[in-house]
2 protein chains.
Amino acid sequence: MENPPPNVAQVFQALGDPTRRTILERLGTGPASASGLAAPLGITLAAVVQHVQVLEDSGLVSTRKTGRVRICTINATGLAVAEQWLRARRPVWEARLDRLGDLLAVEPLKPSV
Amino acid sequence: MENPPPNVAQVFQALGDPTRRTILERLGTGPASASGLAAPLGITLAAVVQHVQVLEDSGLVSTRKTGRVRICTINATGLAVAEQWLRARRPVWEARLDRLGDLLAVEPLKPSV
DNA sequence: CACATTGTCAAGTCTCAGCTTCAGTGTTTC
DNA sequence: GAAACACTGAAGCTGAGACTTGACAATGTG
């Protein structure tokens with residue numbers, strides 16, 4: 001069972017889907033089986049399993065199989081990857097915005113059209 | 001000029017695309033025109049403008065048009081939305097993970113089915 | 001003014017993600 | 001052992017999204 005480190009693309013793409021975010025919210029309250037996740041979602045078990053696969057690949061969920069049931073739990077790895085990416089860029093962005101304010105103050109805006 | 005607050009779905013979806021992340025990295029070093037962004041990307045100007053539109057809708061970029069040039073700058077709003085979503089969930093996830101360890105040691109898990 | 005630059009708009013193509021269906025496979029229960 | 005259960009895997013459908021093309025508009029520059 002390999003556990004390759006998730007990349008940012010995977011994590012953000014995984015988080016972009018509303019169904020997957022719903023699954024994550026649900027798992028935030030505790031572990032659940034695949035069929036347990038499927039019930040309130042109104043989609044097929046197969047679809048849920050596909051979502052869970054994406055979430056697992058992006059380090060947002062981990063699963064293990066006990067008997068015939070696949071149990072899904074939250075995994076903070078993907079969350080950490082996303083947070084790190086954002087946190088690394090925030091200072092630069094904010095600095096950039098401060099300087100933008102200066103530029104706008106100096107140079108007069110020309111109303112378009 | 002409407003400025004509706006970006007939702008999480010938009011932001012994460014926008015960040016999921018590698019080209020858009022490249023654009024953001026570029027804009028982190030300073031404002032740029034649409035064609036200026038297109039040059040190193042190897043895609044059409046039209047494609048870049050479409051990406052910029054997505055980024056603007058998700059509050060990650062703002063643009064203004066001066067003359068015939070559309071100037072794009074970074075916007076921290078979308079970043080803040082994403083960070084807030086992640087930060088709000090981190091404690092729950094980490095608590096969940098801690099308790100998972102305990103549960104595994106003591107009693108069998110009861111996943112909802 | 002002629003011309004190039006920069007961007008906008010509206011198709012149209014193409015790939016892929018999300019979903020379903022269905023036919024298995026392994027596991028529990030009676 | 002039979003039947004219900006929980007999932008797996010593959011195939012196929014469909015719509016969204018990334019990209020192109022080409023025709024147009026607006027703005028600079030010789």
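First the proteins, then the strands, lettered A, B, ... as listed; each starts at 1.
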Is there side-chain contact between B/L41 and B/I23, with heavy atoms separated by less than 4.5 Å?
-> yes

Closer than 4.0 Å, any side-chain N/O of [X] to the OP1 or OP2 of [N]?
| X | N | value |
| --- | --- | --- |
| B/T66 | C/dT6 | no |
| B/R70 | C/dT8 | yes |
| A/S33 | D/dC5 | no |
| B/S35 | C/dG7 | yes |

Taking atom [atom2] of [N] as reference, at what distance in whole Å does atom [atom1] of [X] sit?
| X | N | atom1 | atom2 | value |
| --- | --- | --- | --- | --- |
| B/L37 | C/dT8 | CG | P | 12 Å |
| B/K65 | C/dT5 | NZ | P | 17 Å |
| B/E56 | C/dG7 | CD | P | 14 Å |
| A/I71 | C/dT28 | CD1 | P | 11 Å |
| B/D57 | D/dG17 | CG | C1' | 14 Å |
| B/Q53 | C/dA10 | CD | C1' | 15 Å |
| B/Q50 | D/dG17 | CD | C1' | 9 Å |
| B/L55 | D/dG17 | CG | P | 14 Å |

Are the side chain of A/R20 and the backbone of A/A14 linked by a donor-acceptor contact shorter than 3.5 Å?
-> yes

Does the B/R21 side chain pair with the main chain of B/L15, one donor and one acceptor, at a distance under 3.5 Å?
-> yes

If Ile, Leu, Val, Met, Phe, Trp and Tyr residues are connected whenever their side-chain heavy atoms lie under 4.5 Å apart, and connections chain through other members, are B/L45 and B/L27 in the same group?
-> no

Reckon [X] touches a base, only the sugar-phosphate, or nothing at all at heavy-atom distances under 4.0 Å?
| X | answer |
| --- | --- |
| B/T44 | base |
| A/A47 | base |
| B/L45 | base |
| B/Q13 | sugar-phosphate |

Please determine, for the side chain of [X], which listed nucleotide ([options]) has the closest atom?
| X | options | answer |
| --- | --- | --- |
| A/V49 | D/dT8, D/dT20, C/dC19 | D/dT8 |
| B/R68 | D/dC7, C/dT6, D/dG9 | C/dT6 |
| B/D17 | D/dA6, D/dA18, C/dT21 | D/dA18 |

By nearest-nucleotide position on DNA chain C, the 5'-leaning member of A/G67 and A/V54 is A/V54

Would the number of heavy atoms belonging to other residues, nucleotides or ligands and lying under 6.0 Å from CD of A/Q84 be above 12?
-> no

